[in-house]
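These notes concern the structure reproduced below.
All values below were derived from every heavy atom in this structure, side-chain atoms included, with hydrogens, water molecules and symmetry-related copies excluded. Atoms within a ligand are numbered from 1 in the order they appear, just like the ligands themselves.
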Amino acid sequence: MLEPSTQENLIRDFVRQVAKKYGRDYWLAKAREGAFTEELWGELAAGGYLGMMIPEEYGGGGLGLTEMAVLQEEMGHQGIPLLLLVVSNVMDALLIARYGSEEMKERYLPRLARGETRFCFALTEPTAGSNSFRTATQARVDGDSYVLNGQKMFITGVDQSDYLLVVVRTTPFEEVEDKRQGLSLLIVDRRAEGVSLQPLDMGVLHPETQFAVFFDDVRVPRGELIGEEGKGSKYLFDALNPERISAAAVAVGLGRFVLEKAVAYAKERVVFDAPIGSHQGLQHPLAIAKTNLELAALMTRYAAGLFDGGDKVTAAAYANMAKFAAAEAATEACDLAIEVHGGSGFSTDVDLITVWPLIRMLRTVPVSREMILNYIGEHVLGLPRSY
Ligand SMILES: Cc1cc2nc3c(=O)[nH]c(=O)nc-3n(C[C@H](O)[C@H](O)[C@H](O)COP(=O)(O)OP(=O)(O)OC[C@H]3O[C@@H](n4cnc5c(N)ncnc54)[C@H](O)[C@@H]3O)c2cc1C
């Protein structure tokens, strides 16, 4: 159904209220201080929004990605997107709820829903890059523990999380018949001995920042394994597809945020005795940007609905296409918004050049546009694998 439900309208209203209370200035101040948006997170927890996708029996709202995507989209639209919301309360919560042991669900899910604990997600490695099957972080069994060694890269919000959900190899790549075998998912306490963090100097202004994470003989109880050992790749896409849909929702929201600024300026700025928005050279690109953003919004909503409906294959196709469409639409909208502002577009007061790296990042993260196009070429169009 294309019409938003009453619940979805309530979610949007809630975000607008929260944005009025905290707003973009609060978010920017936290980003500049390098501090977590603790008050905003608490507000989301109190409203039941952090637990939205957690089953009711574990203290959550039992809703789906459709509703969560509305929250993420509107937070982007208000200029207050939170990356840990995607990682902690969508991806990691889903993996624990779907594949964790009963004891694990009882231990983590209610606390995630109440905002008392946070998780980050550690997949990327310096050498493996987009080829996640080449994950080299190794977990070997030693008595009732796994012993972890390796390195992860660009991990968001580790310093603000209590746990890392880490993708590891329990069987080395060289020893498996099929590259999909031998990956496992482990929950690691951020404060465990042998875990160390190195902050990365990134140019993306956001309250949650990136780290290189090192594991040096870290002992992890075997009870922290999610699902079966070696079957991690089977579970992983139940988190990676929602991540792509969430990234698309955030991109659509941020695209609306910048486009609205561009339209307001195009109406008010007069040069050559006419508002600049009266010139087709700007008006048509603005109209195209609006159309592309709304197309991406529809596709994102459709992808979220497919994921909630349980059709994994079609949901994966639309998750990839929605992420591509939304990231492209938002990047183009932001570039255009800067252009419309002329020289002012480069002033931090106008707050477009400040948001540009974040929007542009969504073309590459969580999965690059080239890898998305590879997926669509191979799995949607049925073309030969190109790499
Ligand atoms: C701000 C930020 C936050 C992040 N947060 C997290 C996080 O919380 N957790 C996490 O695990 N990771 C995180 N990442 C990592 C992110 O997911 C990766 O950077 C991204 O998936 C790309 O991988 P890579 O950097 O290794 O690029 P590479 O894999 O090295 O790719 C480099 C370039 O080569 C292209 N390329 C590679 N292979 C092919 C091919 N077969 N065909 C065509 N082109 C190809 C890519 O598209 C890309 O343009 C984050 C990154 C950033 C910048």
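Closest to atom 25 (O) of ligand 1 among all protein heavy atoms lies Phe154 CE1, 3.9 Å. The nearest heavy-atom contact from the protein to atom 26 (O) of ligand 1 is Gly129 CA, 3.0 Å. Of the protein's heavy atoms, Phe121 O, 2.9 Å lies nearest to atom 9 (N) of ligand 1. Remark: minimum distance from atom 44 (N) of ligand 1 to any protein heavy atom is reached at Glu370 CB, 3.3 Å. Here the heavy atom of the protein found nearest to atom 8 (O) of ligand 1 is Thr156 N, 3.0 Å. Counting only heavy atoms of the protein, atom 46 (C) of ligand 1 lies nearest to Ser368 OG, 3.5 Å.
Inside a 4.0 Å radius of atom 21 (O) of ligand 1 there is at least one protein heavy atom. For atom 2 (C) of ligand 1, the protein comes within 4.0 Å by at least one heavy atom. At a distance under 4.0 Å, no protein heavy atom can be found next to atom 30 (O) of ligand 1. In this structure, atom 51 (C) of ligand 1 is in close contact with the protein, since a protein heavy atom lies within 4.0 Å of it. When distances from atom 17 (O) of ligand 1 to the protein are checked, a heavy atom turns up under 4.0 Å.
Of the heavy atoms in Gln210, only side-chain atoms (C-beta onward) come closer than 4.0 Å to ligand 1. When non-hydrogen atoms are compared, ligand 1 lies under 4.0 Å from neither the backbone nor the side chain of Arg369. When non-hydrogen atoms are compared, ligand 1 lies under 4.0 Å from the backbone of Pro366 (N, CA, C, O) but not from its side chain. Only side-chain heavy atoms of Val365 come within less than 4.0 Å of ligand 1; its backbone N, CA, C and O stay farther off. When non-hydrogen atoms are compared, ligand 1 lies under 4.0 Å from the backbone of Thr364 (N, CA, C, O) but not from its side chain.
Ring-centre distance between Trp41 and Phe36: below the 6.0 Å cut-off. Taking the centre of each ring, His77 and Phe257 stay at or above the 6.0 Å mark.
Every N/O-N/O distance between Ile155 and ligand 1 stays at or above 3.5 Å. The shortest N/O to N/O separation between Thr124 and ligand 1 falls below 3.5 Å. Looking at Leu123 next to ligand 1, an N or O pair under 3.5 Å apart turns up. Polar contact with ligand 1: absent for Tyr387 (N/O pair, distance under 3.5 Å).
Within the 3.5 Å criterion, the main-chain N or O of Arg180 finds a donor-acceptor partner in the side chain of Ser233. Side-chain atoms of Arg385 come within 3.5 Å of backbone N or O of Tyr387 as a donor-acceptor pair. Judged by distance alone, the side chain of Ser145 and the main-chain N or O of Pro221 form no donor-acceptor pair under 3.5 Å. A side-chain donor-acceptor contact under 3.5 Å links Gln283 to the backbone of Gly277. Of the possible donor and acceptor atoms, none in the side chain of Asn292 sits under 3.5 Å from a partner among the backbone N and O of Ala329.
With values rounded to the nearest 0.5 angstrom, Lys323 atom NZ is found 7.0 Å from Leu362 atom CG. The CZ atom of Arg369 lies 4.0 Å from the CD atom of Glu328; values are rounded to the nearest 0.5 Å.
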Self-check item: Steps toward ring-ring contact (aromatic ring centres under 6.0 Å, His included) verdict (Phe119, Tyr108)
Solution: CA-CA 10 Å; Phe119 277 64; Tyr108 294 120; 5.3 Å; yes
Exercise. Please test Glu193 against Arg219 for salt bridge (charged side-chain N to carboxylate O under 4.0 Å, His left out), starting from the C-alpha separation and ending with a verdict.
Key: CA-CA 8 Å; Glu193 205 181 321; Arg219 292 195 84 83; over 6 Å; no
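Set against the non-hydrogen atoms of Met371, the atoms of ligand 1 under 4.0 Å away are 38 (N), 39 (C), 40 (C), 41 (N). Set against the non-hydrogen atoms of Met202, the atoms of ligand 1 under 4.0 Å away are 53 (C).
Compare Ser130, Ser161, Pro126, Cys120 by their heavy atoms: the one nearest to atom 28 (P) of ligand 1 is in Ser130.
Between Arg98 and Asp238, at least one side-chain N (NZ, or NE/NH1/NH2) sits under 4.0 Å from a carboxylate O, which counts as a salt bridge. Between Glu8 and Arg12 there is no salt bridge, since no side-chain nitrogen of the basic residue lies less than 4.0 Å from a carboxylate oxygen of the acidic one.
When side chains are defined from C-beta on, Met104 counts as touching Ile96, because their heavy atoms get closer than 4.5 Å.
Under a 4.0 angstrom heavy-atom cut-off, Asn374 registers as being in contact with ligand 1.
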